[in-house]
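Here's the structure we're looking at; comments come further down.
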Amino acid sequence: MRSGRAERGFTYIGLLVAIALIGFALAVAGQVTRTTMKREREVELLFIGHEYRHAIARFFRQNHRYPLTLEELVTVDTGGTTPQHYLRRLYRDPMTRAVDWTLLPAPGQGIMGIASSSNKAPLKSAGFDVTDESFEQAQTYADWIFLYDPRGRVGVPIRQ
C-alpha cells in the first residue's frame with residue numbers, strides 16, 4: 001500500500017512541474033509575439049509616415065502651400081476637373097491605433113508634417129533610411145517626425 005501512495009505523490013509533483021514548464025513556455029511565446037507585433041507596427045508607422053510626407057510634398061508642389069488639414073490630402077477639388085487625391089484615406093497611427101497624429105505646423109499656415117502621439121520607446125534604433133536618420137536618436141515614437149520641407153531638410157521641424 002505504501003508504494004502506491006508514494007507513486008501518487010510523485011505523479012502529482014511531476015504534474016505540477018509540467019504545468020509550471022508549460023506556463024513558462026507560454027509566457028516566453030507571448031513575449032516573442034508581443035515583440036514581433038511591435039516591430040510590425042513600427043514598419044507600418046514608417047510606411048504611413050512616408051506616405052503622409054510624400055502626400056504633403058505633392059500637395060505643396062501642386063498648390064504652392066501646405067495643407068490646412070489632413071483631410072485636404074484625401075480629396076481636393078481642382079476646379080471642375082477630376083479631384084486630386086494625395087492620399088487614399090486618412091491613416092491611423094499604428095502605435096496608438098487612432099487618427100490622433102501630432103500635427104507639425106508649417107511656417108505661416110498649414111501642416112508640414114506629422115508625428116506619432118505615442119510616448120512609448122521604439123524597439124528600432126538603427127538602420128533607418130537617409131531621410132529618417134534622425135530617428136536613431138529618438139527616445140519615443142513621437143520623436144519619429146515625418147516632415148516635408150521644400151528646402152530639402154527632413155525630420156527636423158522648422159522653428160517659427
Side-chain angles (χ1 to χ4, degrees), residues 14-63 65-76 83-160:
L15 184 61
L16 287 177
V17 169
I19 290 172
L21 290 174
I22 290 170
F24 178 74
L26 288 173
V28 169
Q31 184 64 33
V32 168
T33 301
R34 187 176 307 117
T35 301
T36 300
M37 289 174 61
K38 190 171 182 180
R39 287 194 193 283
E40 288 174 1
R41 286 197 315 270
E42 285 182 351
V43 169
E44 187 179 3
L45 176 60
L46 289 168
F47 172 78
I48 291 170
H50 292 159
E51 288 294 303
Y52 272 109
R53 180 187 290 148
H54 295 305
I56 292 169
R58 286 190 308 270
F59 184 97
F60 183 88
R61 285 193 291 267
Q62 189 165 14
N63 298 291
R65 67 175 179 85
Y66 287 104
L68 301 176
T69 64
L70 292 180
E71 289 78 12
E72 241 184 315
L73 296 173
V74 179
T75 304
V76 174
Q84 179 66 47
H85 299 277
Y86 301 98
L87 287 175
R88 291 182 183 264
R89 61 184 170 93
L90 293 180
Y91 295 101
R92 61 185 175 83
D93 180 344
M95 307 321 287
T96 62
R97 296 183 177 104
V99 182
D100 60 349
W101 299 100
T102 300
L103 304 179
L104 305 170
Q109 192 176 12
I111 300 165
M112 70 184 307
I114 62 160
S116 174
S117 60
S118 173
N119 289 320
K120 294 183 179 175
L123 292 175
K124 183 174 176 129
S125 61
F128 292 99
D129 293 343
V130 174
T131 57
D132 300 331
E133 284 177 333
S134 65
F135 296 1
E136 292 180 6
Q137 315 303 321
Q139 300 296 312
T140 68
Y141 291 114
D143 296 331
W144 288 16
I145 296 172
F146 300 95
L147 174 75
Y148 172 69
D149 181 357
R151 294 177 288 183
R153 295 177 5 162
V154 291
V156 181
I158 297 172
R159 302 288 178 222
Q160 294 186 13

message: Before you tell me yes or no, could you show the steps for Glu51 and Arg88 under side-chain contact (heavy atoms from CB on, under 4.5 Å), namely the whole-Å CA-CA distance, both residues' side-chain angles and the distance that decides it to 0.1 Å?
response: CA-CA 10 Å; Glu51 288 294 303; Arg88 291 182 183 264; over 6 Å; no
CA sep, side-chain torsions, deciding dist, call: His50, Phe146, side-chain contact (heavy atoms from CB on, under 4.5 Å): CA-CA 7 Å; His50 292 159; Phe146 300 95; 3.9 Å; yes
message: Test side-chain contact (heavy atoms from CB on, under 4.5 Å) on Glu40 and Thr36; report intermediate values, then the result.
response: CA-CA 6 Å; Glu40 288 174 1; Thr36 300; 3.8 Å; yes
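The one candidate from Asp100, Thr102, Thr140 that meets the side chain to side chain donor-acceptor pair (under 3.5 Å) condition with Ser117 is Asp100. Checked against Arg53 for a side-chain contact (heavy atoms from CB on, under 4.5 Å), the options Asp132, Ile114, Ile48 give a single hit: Asp132. Each of Leu103, Val74, Ile56 was compared with Pro67 under the side-chain contact (heavy atoms from CB on, under 4.5 Å) criterion, and only Ile56 meets it.
Lys38 contributes atom NZ, which lies 6.0 Å from atom CE of Met95 (distance to the nearest 0.5 angstrom). The CZ atom of Arg58 lies 11.5 Å from the OH atom of Tyr148; values are rounded to the nearest 0.5 Å. Asn63 CG to Leu68 CG: the interatomic distance, rounded to the nearest 0.5 Å, is 10.0 Å. Interatomic distance, CG of Asp149 versus CE of Met112, reported as 4.5 Å (0.5 Å rounding). In this structure, Leu87 CG and Glu72 CD are separated by 12.0 Å, a value rounded to the nearest 0.5 Å. Note: Ile145 CD1 to Ser116 OG = 11.0 Å, rounded to the nearest 0.5 Å.
Considering only heavy atoms from C-beta on, Trp101 stays 4.5 Å or farther from Ile111 through its side chain.
Between the side chains of Glu42 and Tyr141, at least one donor-acceptor pair of N or O atoms lies under 3.5 Å.
For the pair Ala138 and Pro122, the tightest heavy-atom approach, listed with the atom from each and the gap, is O-CG, 4.2 Å. In terms of heavy atoms, Gly110 sits closest to Tyr66 at CA-CB, 4.0 Å.
Heavy atoms from other residues, nucleotides or ligands lying under 6.0 Å from CD of Gln139 number 12 at most.
Ring to ring, Phe59 and Tyr52 are not that close: their centroids are 6.0 angstrom or more apart. In summary, the aromatic rings of Trp144 and Phe128 are positioned with their centroids under 6.0 Å apart.
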